[in-house]
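If you're wondering where the values come from, they're calculated on a predicted model, not measured in any experiment. We name chains A, B, ... by the order of the sequence lines, and we start the count at 1 in each one.
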Protein chains: 2
Amino acid sequence: MKPKRKYELLTEVELEFMNILWALDEGTVRDVLDQLPSERSLAYTSAATILRILEQKEFVTSRNRGKSHVYKPTLAKDVYQMRSLKDLSVKLFDDAPASLVARLVDDNELSEEALGQIRALVDRRLKNDTG
Amino acid sequence: MKPKRKYELLTEVELEFMNILWALDEGTVRDVLDQLPSERSLAYTSAATILRILEQKEFVTSRNRGKSHVYKPTLAKDVYQMRSLKDLSVKLFDDAPASLVARLVDDNELSEEALGQIRALVDRRLKNDTG
DNA sequence: CAGTATCTACGAAACAAATAGTAATTCAAG
DNA sequence: CTTGAATTACTATTTGTTTCGTAGATACTG
């Protein structure tokens with residue numbers, strides 16, 4: 001089958017699986033299934049299907065080990081994080097990242113510590129650019 | 001029909017419509033349709049269906065004006081922005097907003113100006129907390 | 001090598017999202 | 001009133017997502 005282009009974003013379940021694979025670096029159907037919370041109780045074959053779809057969409061590649069496949073992300077998590085943020089920014093924040101952060105720091109739940117970390121990150125980036 | 005509880009997030013098209021309603025404050029099917037880009041060419045009845053669904057999900061209310069309905073968001077945009085950010089943060093950033101911002105400022109496309117704005121926002125928030 | 005475990009591939013069922021057509025209603029204007 | 005344009009309510013179609021069962025392959029175990 002010809003692989004279709006233009007798969008941008010992961011679906012809900014695909015993201016759930018990718019998070020596990022990113023944490024493990026790679027894994028089999030069994031490995032992923034073992035990482036799911038017990039209350040998830042997903043059938044083995046369902047997990048296998050999801051991974052096959054992820055491979056078809058080229059979010060992972062697979063190699064053989066014994067009788068099973070080992071799946072590994074083709075896309076680094078930070079790359080996907082950035083892609084998701086860009087998507088959210090465009091769709092809900094008029095493509096203005098600053099207004100996204102504005103909303104974030106409006107959150108009263110946000111700890112002083114988190115705020116401090118955020119400022120440190122921004123400062124470091126500003127220094128590196130000018131220096 | 002009994003309204004189901006627990007509608008959290010908007011679908012793609014629902015968000016497209018809500019963005020228009022947030023900008024207009026309120027509007028009819030026709031109003032929304034007029035705001036869509038011309039290449040969108042969505043049937044009138046499709047737009048009406050989407051708005052009816054939004055009402056059913058309680059993202060908007062409607063009142064009658066003449067023979068048509070006027071739809072108005074029940075949810076402020078900034079509230080929904082925060083909800084979306086929380087969702088993304090949980091699903092993709094281990095619920096750590098600082099790491100979300102970290103990814104954002106890693107983006108080379110991000111302008112110096114945007115970075116400055118972000119820092120100003122954080123600074124202001126930090127000052128207000130301690131002051 | 002027979003039996004069992006486990007695995008993959010495929011198909012399909014169940015559900016949700018997006019779009020649009022049809023029928024019925026409403027209102028305004030001749 | 002009757003007609004016609006615009007509107008709503010409902011239904012249907014198509015497509016994508018999520019889940020799982022069945023069948024066949026593969027490897028291990030005695």
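Between the CG atom of Leu9(B) and the P atom of dA16(C) there is a distance of 15 Å, given to the nearest Å. Separating the CZ atom of Phe59(A) from the C1' atom of dT17(D) is a distance of 14 Å, rounded to the nearest angstrom. In this structure, the CG atom of Asn64(A) is 13 Å from the C1' atom of dA25(D), given to the nearest Å. Separating the CG atom of Leu36(A) from the P atom of dT18(D) is a distance of 13 Å, rounded to the nearest angstrom. Note: OH (Tyr71(B)) to P (dT7(D)) measures 11 Å, nearest angstrom. In this structure, NE2 of His69(B) is placed 18 Å from P of dA6(D), rounded to the nearest angstrom. In this structure, Ile53(B) places its CD1 atom 10 Å from C1' of dA16(C), rounding to the nearest Å. The CG atom of Leu10(A) sits 10 Å away from the P atom of dT18(D) (whole-angstrom rounding).
Contact check, Tyr44(A) against dC20(D): no side-chain N or O comes under 4.0 Å of OP1 or OP2. In this model, the phosphate group of dT6(C) is not approached by any side-chain N or O of Arg30(A) to a distance below 4.0 Å at OP1 or OP2.
Legend: residues meeting side chain to side chain contact (heavy atoms under 4.5 Å, CB included) with Gln81(A), ordered by chain and number and at least two apart, are Lys77(A), Asp78(A), Leu92(B), Phe93(B), Arg103(B). By the side chain to side chain contact (heavy atoms under 4.5 Å, CB included) test, Ala120(B) is found to be paired with no residue, residues two or more places apart in sequence or in another chain being considered. Leu10(A) is linked by a side chain to side chain contact (heavy atoms under 4.5 Å, CB included) to Glu14(A), Leu15(A), Met18(A), Trp22(A), Leu54(A), Phe59(A), Tyr80(A), counting only residues two or more places apart in sequence or in another chain. The side chain to side chain contact (heavy atoms under 4.5 Å, CB included) check on Arg40(B) picks up Val13(B), Glu16(B), Leu36(B), Pro37(B), Leu42(B), with sequence neighbours excluded.
Taking 4.5 Å as the limit, every side-chain heavy atom of Thr28(B) sits out of range of all side-chain heavy atoms of His69(B).
dA13(C) is paired with dT18(D) under the Watson-Crick or G-U wobble criterion, all donor-acceptor distances under 3.5 Å. With both pairing distances under 3.5 Å, dT26(D) is matched to nothing as a Watson-Crick or G-U wobble pair.
A salt bridge links Lys91(B) to Asp87(B): at least one charged side-chain nitrogen sits closer than 4.0 Å to a carboxylate oxygen. The pair Lys86(B)-Asp95(B) counts as a salt bridge, with a side-chain nitrogen and a carboxylate oxygen less than 4.0 angstrom apart.
No more than 12 heavy atoms of other residues, nucleotides or ligands shown are found within 6.0 angstrom of CG on Asp94(A).
Counting any heavy atom pair closer than 4.0 Å across all strands shown, Arg65(A) reaches no nucleic acid atom.
More than 90° away from 0 lies the glycosidic angle of dA18(C), which makes this nucleotide anti.
Within a heavy-atom distance below 4.0 Å of DNA chain C, no residue of residues 11-23 of chain A is found.
For the pair Arg83(B) (side chain) and Leu9(B) (backbone), a donor-acceptor distance under 3.5 Å is absent.
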N/O-N/O pairs, protein side and nucleotides 20-29 of chain C side, under 3.5 Å:
residue, atom, partner, partner atom, Å
dA20(C), OP2, Ala43(B), N, 2.8
dA20(C), OP2, Ser46(B), OG, 3.4
dA20(C), N7, Ser46(B), OG, 3.3
dA20(C), N6, Thr49(B), OG1, 2.9
dG21(C), N7, Thr45(B), OG1, 3.0

